[in-house]
Amino acid sequence: MKNISKLIIGLSILMFGTTAYSQSRTDNSKEVPAVQSGTKSVQIASSPELHNLATNWVNDYNESNPAMKILLIQSNDEKAVNHLSLISDEHSIGLNDQNNWRMVIGRDVIVPIINAKNPMLDLLHQQGISSKEFAFLFKNVEQRNWSAVVTNGQNARLQLFIPNDEIVNASLRDFANVAINAKSEKFQETANDVLAEVQKDIFAIGFCKLSDLRNLSNRITLGNIALLPIDKNGNGRIDNFERIYNSLDEFTNGVWIGKYPTSLSKNIYAVSAIKPTDQNELAFLTWILSGGQNLLKSNGYCDLTSGEKQSNIASLLGTVSTDGKDVNVAYSPKYSWPIVVVIFLILGIFSIFFYYSRRNSKSQLLDKEIQIAPLLIENVINIPKGLYFDKTHTWAFMEQDGNVRVGLDDFLQHVTGKLSKISMKDAGEVVRKGEVIMTIIHEGKKLNIYAPISGTILEQNDLLLTDSSLVNSSPFFKGWVYQIEPKNWLREVQFMFMGQKYIDWLQDEFIRLKDFISATVKIDKLAYAHVILQDGGELTDNVLADLEPEVWEDFQTQFIDTSR
């Protein structure tokens, strides 16, 4: 056993030394060097709406890398991704297939703005304006008045300023779900014209791209310009998870998490059937995520935040953050092959000792941390018809005998991962709505779940005592938790959701979950970033499973408890 320990220590020292050696030979570059043997060509596909941007990317990259030749082709194939492709949300190619690899490399964000001296600014930060209210403004030109869209708003004429930009107009049509009448609108020539008009008119609303605001803030302060809050869920107020409009940085991060309407924020993706491994494709993609980001701005798009760029490059190349520095594990093949041979030889010797020791090794933490998990998105949640759902993430169903069966909803079990134990109350106990009714446990980490109804527990599901994972595999059938004789069913059921109302509420829960994860998990744990929020701000399935108990405690107080 001592010999094995010594061998492990020696192997670690050797791998550390060879890693440092290889890093020095590649000049500590974050980007993958293109293969230098002759001129290598790689085909990249582009959807039509991104052809100009893709052309500029390819031309600029080819000019600065003469040993490399990127060939750009235009693709309309929406059934499969045959090449590494550059596409946007406007083009569905490859995005509907969850088996495809994809990474966000830029954005196209449309932003409504107002004059910072608007006397209703505080009211707008409390209420916001919903897509339905914007639709009213577009449909009723003669009735454009602030009192029509803001409760207790002033009876002042509201003027809309829209740039003569088809991308902006298309996004507004999708957002408000109305046709914009070119005859009745006063289109401005450029975004700068819109900004100028809004700064002159305290009652105006303008529309521009986020990149336009960034360019303005680079030259001068925003001054008289403020972001107009959007009531995303249309409930007549700006909820805590919708408060992203105080600064451009806060807003940009909110867009990434998913707090902003998707119709006004279109992602630009790199997509392929599998994660790219070709050295030249990796070199091109890392360049897009670094120097190529400048071309997004010049082409009217929005670049990524610095954190997104760092996270995406690390995910692409397989790097981890160490005190703010990236360590590249994608070596240049020119220098790394002897090192790889030596490492494999020593690994072979280690495997022999390992076999005879009859010990089961665990995967290295690094490999575990950067593994990309399946996505947790709205369409993976099972929502049976006929069930009532409560804000405590439980469901209730009244059977023919008048008793109510209760269980955990599919959303929460996707968040926690496979349950190892459920602590339940006994038959005969009386529970009240809002009291702790069960405790779910995943490898020692716990969450208290609250009762959706009041009543007397008639029966607990004994199957869960020996196999609690039934809640994961069959939450609405074999994984039910209690049968309860209800006490105030008719009154309490009025506070529950069913059908489309539950689906709408669940969309807000996804945003709340992303907000919690983004705010709670430390940003310096770069490897966790890939486990938690994938490219484009998507959550991974079983998002809490591998996180520390402290995060579960925060999730209890900041997410579960606040839902009651």
Side-chain angles (χ1 to χ4, degrees), residues 107 109-116 118-140 143-156 158-162 168 171-178 180 198 202-210 213 225-266 378 391 497 500-516 518-519 537 559 562-563:
R107 284 195 183 84
V109 183
I110 310 304
V111 186
I113 56 175
I114 57 175
N115 191 297
N118 188 307
M120 290 160 287
L121 185 60
D122 290 339
L123 285 175
L124 288 169
H125 276 279
Q126 296 173 17
Q127 302 176 23
I129 297 182
S130 68
S131 60
K132 291 183 179 179
E133 290 165 334
F134 272 112
F136 172 84
L137 295 176
F138 284 120
K139 289 180 180 179
N140 303 278
Q143 301 179 43
R144 285 180 183 170
N145 194 295
W146 279 101
S147 60
V149 292
V150 176
T151 303
N152 298 323
Q154 293 187 11
N155 187 25
L158 190 159
Q159 179 66 55
L160 298 180
F161 292 101
I162 306 171
V168 175
S171 296
L172 292 178
R173 285 195 298 269
D174 292 342
F175 172 61
N177 196 27
V178 296
I180 299 178
V198 172
I202 63 172
F203 293 113
I205 295 178
F207 301 92
C208 62
K209 294 183 179 180
L210 181 56
L213 288 180
I225 297 296
L227 301 176
L228 174 59
I230 292 180
D231 177 17
K232 185 173 183 288
N233 57 14
N235 64 353
R237 64 177 183 270
I238 298 296
D239 298 307
N240 287 332
F241 61 84
E242 294 174 312
R243 298 186 186 280
I244 60 173
Y245 299 94
N246 291 323
S247 68
L248 288 183
D249 289 340
E250 181 184 26
F251 175 78
T252 303
N253 187 62
V255 170
W256 182 57
I257 293 173
K259 298 181 178 182
Y260 196 62
T262 54
S263 54
L264 295 177
S265 173
K266 300 183 183 301
E378 284 89 338
K391 290 183 178 181
F497 304 106
Q500 187 60 45
K501 288 185 178 180
Y502 174 68
I503 294 174
D504 294 340
W505 175 77
L506 203 58
Q507 291 177 348
D508 292 338
E509 289 295 273
F510 269 94
I511 295 174
R512 269 211 320 138
L513 178 59
K514 291 178 182 180
D515 194 22
F516 167 80
S518 177
F559 192 91
T562 57
S563 294

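Heavy-atom basis, side chains included; hydrogens, waters and symmetry copies ignored.
Side-chain contact between Gln500 and Ile503: present, with at least one pair of heavy atoms (C-beta onward) separated by less than 4.5 Å. Counting only heavy atoms from C-beta outward, the side chains of Ile202 and Ile114 never approach each other to under 4.5 Å. Taking the side chain as every heavy atom from C-beta outward, Pro229 and Glu242 never approach each other to under 4.5 Å. Residues Ile205 and Ile129 are in side-chain contact: their nearest non-hydrogen atoms beyond the backbone lie under 4.5 Å apart. A 4.5 Å side-chain heavy-atom check between Phe207 and Phe175 finds every atom pair outside the cut-off. Under the 4.5 Å side-chain criterion, counting only non-hydrogen atoms from C-beta, Ile110 is in contact with Lys209.
The two residues Tyr260 and Val111 have their closest heavy-atom pair at OH-CA, 3.6 Å. Minimum interatomic distance between Leu213 and Ile225 (heavy atoms only, all atoms of both residues): CD2-CG2, 4.1 Å. Residues Glu133 and Gly128 come closest through the heavy atom pair OE1-O, 4.0 Å. The two residues Gln127 and Thr151 make their nearest non-hydrogen contact at OE1-N, 2.9 Å. Between Gly153 and Met120, the shortest heavy-atom distance links the atoms CA-SD, 3.7 Å. Between Ala204 and Trp146, the shortest heavy-atom contact is O-CZ2, 4.4 Å.
Panel note: side chain Arg107, backbone Ser265; no donor-acceptor pair is recorded below 3.5 Å. Judged by distance alone, the side chain of Arg144 and the main-chain N or O of Leu137 form a donor-acceptor pair under 3.5 Å. The backbone N or O of Asn235 lies less than 3.5 Å from a partner atom in the side chain of Asp231, making a donor-acceptor pair.
The line from CG of Leu158 to CG of Asn118 is 8.5 Å long, rounded to the nearest 0.5 Å. Rounding to the nearest 0.5 angstrom, the gap separating the CZ atom in Arg512 from the CD atom in Gln507 is 14.5 Å. Going from atom CZ of Phe203 over to atom CG of Asn115 covers 9.5 Å, rounded to the nearest 0.5 Å. Atom CG of residue Leu227 and atom CG of residue Leu210 lie 8.5 Å apart, to the nearest 0.5 angstrom. Distance check, rounded to the nearest 0.5 Å: CG of Leu172 to CZ of Phe134 gives 8.5 Å. The CZ atom of Phe516 sits 9.0 Å away from atom CZ of Phe559, with the distance rounded to the nearest 0.5 Å.
Counting heavy atoms of neighbouring residues, nucleotides and ligands inside a 6.0 Å radius, atom CG of Asn177 does not exceed 12 of them.
Residues Asp504 and Asn233 bring no donor and acceptor atom of their side chains to less than 3.5 Å of each other.
Among Asp515, Asp508, Asp239, the single residue meeting the side-chain hydrogen bond (donor to acceptor under 3.5 Å, both in side chains) criterion with Lys259 is Asp515.
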